[in-house]
2 protein chains.
Amino acid sequence: MSGFQRYKKILDLFSEDRISWTVSEISNELKTPSSTIYRIVREMVVAEFLESAAGSYFRLGPAFIKYNRTINLSDPLIRAGQPFLEKLASENPIVSVNVLARLYGNKVMCVADYKSPFFKNNTSYQKGKLMPLIYGATSRAIIMQITGRRLDELINSEKFFSVDEKNSFLEGLKVDRKKGYCFTQGQVDKGLIGFAVSISNKKLGIEASLSSIFNSSDFLLEHEPIIYANLTSYGLLVEKYINEIFNDIQNYHHKPN
Amino acid sequence: MSGFQRYKKILDLFSEDRISWTVSEISNELKTPSSTIYRIVREMVVAEFLESAAGSYFRLGPAFIKYNRTINLSDPLIRAGQPFLEKLASENPIVSVNVLARLYGNKVMCVADYKSPFFKNNTSYQKGKLMPLIYGATSRAIIMQITGRRLDELINSEKFFSVDEKNSFLEGLKVDRKKGYCFTQGQVDKGLIGFAVSISNKKLGIEASLSSIFNSSDFLLEHEPIIYANLTSYGLLVEKYINEIFNDIQNYHHKPN
DNA sequence: TCTTTAATTATCATTAAATGATAAATTTTA
DNA sequence: TAAAATTTATCATTTAATGATAATTAAAGA
C-alpha cells in the first residue's frame with residue numbers, strides 16, 4: 001500500500017452499508033498496524049476528508065461536499081446536461097426520472113438527475129451511485145458507443161450466466177447501435193422501464209448517456225415515439241452544449257495575459 | 001510537501017474560479033518539478049479524483065460525486081435535517097431559501113438546502129460553498145454557540161475593520177445567545193434577510209445552524225413571530241433526530257455478531 | 001505528409017518520508 | 001477510582017518519493 005492508494009483504500013471502506021469505522025476496524029480490515037492507521041486517519045481528519053464521530057468512530061468528512069460542488073461547476077457533461085433534465089421531464093408524456101450517467105471504472109454512475117414531481121417509485125439511479133454496466137437502458141446507451149478492445153475489457157469485467165447470454169447481449173448492442181437508442185424493461189428495478197440515448201464527445205473523452213425511466217404501468221405503446229423524439233433531440237442538444245463548453249474553455253485558456 | 005497534503009494541495013487548486021489546470025501550471029504554482037507532478041496526477045487520475053480534459057488540462061474527477069453520496073447518507077446533520085427543509089419552506093409565510101450549515105475549518109459551509117419553488121433571487125448559500133464566518137444569520141447561529149478559547153481562535157482568523165467592530169460583533173453574539181436566534185439584513189447578499197437558530201449535539205460534535213433566508217422586499221414585521229416559531233420548532237426537531245440517529249448508530253455497532 | 005514542439009512516461013541515484021514496534025499519555029468505561 | 005480502550009509520541013529500520021535527465025509519445029505547424 002503506497003502513494004495515493006494508501007489513502008483511497010481507507011476512504012473506500014466507507015460506503016452506504018458501512019458508514020463509520022474505528023481505527024482498529026480499519027487496521028484489521030487492511031491488515032495494517034493501528035499506529036500506522038492512526039497517523040493516516042489523523043492526516044485525513046485535518047484535511048476534512050474524514051471526521052470523527054461518537055464512540056471512536058470515523059466517517060467521511062465534509063471536504064467531499066465542497067469538491068462535489070466544484071465538480072458540478074466544472075464537469076462538462078453535468079454543466080451541459082443538468083439544465084435540460086427538468087425540461088425533458090416536463091415534455092415526457094408520463095411521469096419520469098431523467099438521468100445523465102457516465103462510465104466510472106468498470107461501472108456506470110449517475111451524475112445528474114431530475115424526477116418529475118409526482119413520480120412515486122424509487123429508481124436505483126441516484127447521483128453518485130454505481131450501477132451495473134450491462135443492465136438497464138442507461139448503461140446500455142453508454143457501452144453501445146464503445147467498441148473493439150475497450151468493449152472487450154469492459155465486458156470481461158462482468159459476469160454473465162452463460163456464453164449465450166454474453167453473445168446475445170453483444171448482438172443486442174449492435175441492434176441498439178443501429179436503432180440509435182436503448183430500451184429495457186425491469187432489468188434494474190422491477191416495474192420500471194428505461195429509454196436511453198448515447199452522449200459522447202471524442203475531444204473531451206465523454207462517454208455517457210441520457211435516459212428517461214418510467215413506471216411500466218404508466219407506459220402505453222403510443223408514448224414511445226414521443227419519448228424517443230424527446231431523448232434524441234435533448235441528447236443532441238446536450239452534445240451541442242458540451243461542444244460549446246469545450247470551445248469556451250479553449251478560448252479562456254488561450255486568452256493573452 | 002508530504003503525506004496527504006501532497007495530494008490535497010493539488011486538489012485545492014481546483015475551484016470555481018479555476019476549474020482546470022495543466023501539469024506545468026500546477027508545477028509552477030506549487031514550485032515542484034513537473035516529473036513529480038505528473039506522477040502524482042497520474043495516481044489521482046487512476047483513482048478518479050482527477051480526470052484529464054481536452055488540451056492537456058485536468059479537472060476534478062467523478063470520485064467526489066460518489067463520496068458525496070455516501071456523505072449525504074452518513075452525515076447525521078444532513079440525515080436528520082434534510083427531510084425537514086421542504087416542510088420548513090412550506091410553513092414559512094413568504095418564499096424562502098432554507099439552509100443547514102456547519103463549520104468547515106475557519107469557514108461556514110452549507111451542507112443542505114431547499115428553495116421554495118417561486119423564490120427568485122440567488123443566495124450565496126449553496127451546498128458545498130464556503131461562506132464567511134462572521135456575516136449572515138446562518139453563520140452567526142453557528143458561532144454564537146461557541147465560547148472560550150475556540151471562539152477566540154475562530155474570531156481571530158477573521159479580519160475586522162476595527163477593534164470596535166470586533167467588540168460590537170461579540171456583544172451582538174451575547175444578545176443573540178439570549179434571544180435564541182439570529183437575524184441579519186443584507187450582510188451576505190443585498191436585498192436578502194436571514195433568520196437562524198443553532199443546531200448542536202455535543203456527543204457528535206455537531207456545531208451547526210438552521211436558517212431561512214427571505215427577500216427583504218417580501219418581509220413584513222408581522223412575519224417574524226411565525227418565522228421564529230418555525231425555525232425554533234424545526235431546529236429542536238432536527239436536534240431530536242440527530243440524537244435518534246446517534247442512538248441508532250450506537251445500537252448498530254453494539255449488536256452482537 | 002513530414003517536422004517540430006509539447007506532453008507524458010521511464011529511469012535511477014539520492015533524499016526523504018512512511019512504517020510499525022513499543023512506550024507514554026489521554027480518554028472512556030466499569 | 002481503577003481498568004481498559006483509545007490516541008499520541010518516539011525512533012531505528014524499511015520503503016517510497018523525489019527530481020534531474022533521457023526516452024517516448026502525442027499534438028501542432030509547415
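Note on naming: letters A, B, ... go to the chains in the order of the sequence lines (proteins, then strands), and numbering restarts at 1 for each one. Predicted model only: the values in this text are computed from it and were never measured.
Straight-line distance from the CZ atom of A:Phe4 to the P atom of C:dA18: 15 Å, rounded to whole Å. Nucleotide C:dA17 holds its P atom 13 Å from the OH atom of B:Tyr7, rounded to whole Å. As rounded to whole Å, 11 Å separates atom P of D:dA28 from atom NZ of A:Lys203. For A:Ile37 and D:dT8, the CD1 to C1' distance is 15 Å, given to the nearest whole Å. In this structure, the CD1 atom of A:Ile26 is 13 Å from the P atom of D:dT6, given to the nearest Å. Per the geometry, CD belonging to A:Gln5 stands 11 Å off P belonging to D:dA17, to the nearest Å. Spacing between atom NZ of A:Lys9 and atom P of C:dT19 amounts to 12 Å, rounded to whole angstrom units. Here D:dA27 presents its P atom at 13 Å from NZ of A:Lys202, a figure rounded to the nearest Å.
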Starting from the C-alpha separation in whole Å, work towards a yes-or-no answer on salt bridge (charged side-chain N to carboxylate O under 4.0 Å, His left out) for B:Lys66 and A:Asp12. CA-CA 10 Å; B:Lys66 191 189 74 170; A:Asp12 283 344; 3.5 Å; yes

Are B:Lys9 and B:Glu29 close enough, and set up right, to give a salt bridge (charged side-chain N to carboxylate O under 4.0 Å, His left out), and what steps lead you there? CA-CA 10 Å; B:Lys9 274 212 172 177; B:Glu29 185 71 21; over 6 Å; no

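The side chain of A:Arg39 places an N or O atom within less than 4.0 Å of a non-bridging phosphate oxygen (OP1 or OP2) of C:dT19. Applying the 4.0 Å criterion to OP1 and OP2 of C:dT9, one finds that B:Arg42 has a side-chain N or O inside that range.
Aromatic ring centres of A:Tyr67 and B:Tyr67: separated by at least 6.0 Å.
The side chain of B:Tyr38 sits closest to C:dA7 out of C:dA21, C:dA17, C:dA7. Among the nucleotides C:dG20, C:dT8, C:dA17, the one closest to the side chain of B:Ser2 is C:dA17.
Residue A:Ser35 is classed as a base contact, given a heavy-atom separation below 4.0 Å to a base. No contact: A:Ser24 has no heavy atom under 4.0 Å from any strand. Across all strands shown, B:Arg6 has heavy atoms under 4.0 Å from sugar-phosphate atoms exclusively, and none from any base. Residue-level contact check: B:Ser34 touches neither bases nor backbone, having no heavy atom under 4.0 Å from any strand. At a threshold of 4.0 angstrom between heavy atoms, the contacts of A:Thr36 include nucleobase atoms, whether or not backbone atoms are also involved.
Separation of atoms CZ (A:Phe49) and CD (A:Glu43) is listed at 11.5 Å; rounding is to 0.5 Å.
Heavy-atom nearest nucleotides on DNA chain D were determined for A:Phe58 and for B:Thr32, and the one closer to the 5' end corresponds to A:Phe58.
Judged by the 6.0 Å and 45° rule, B:Lys179 forms a cation-pi pair with B:Tyr181.
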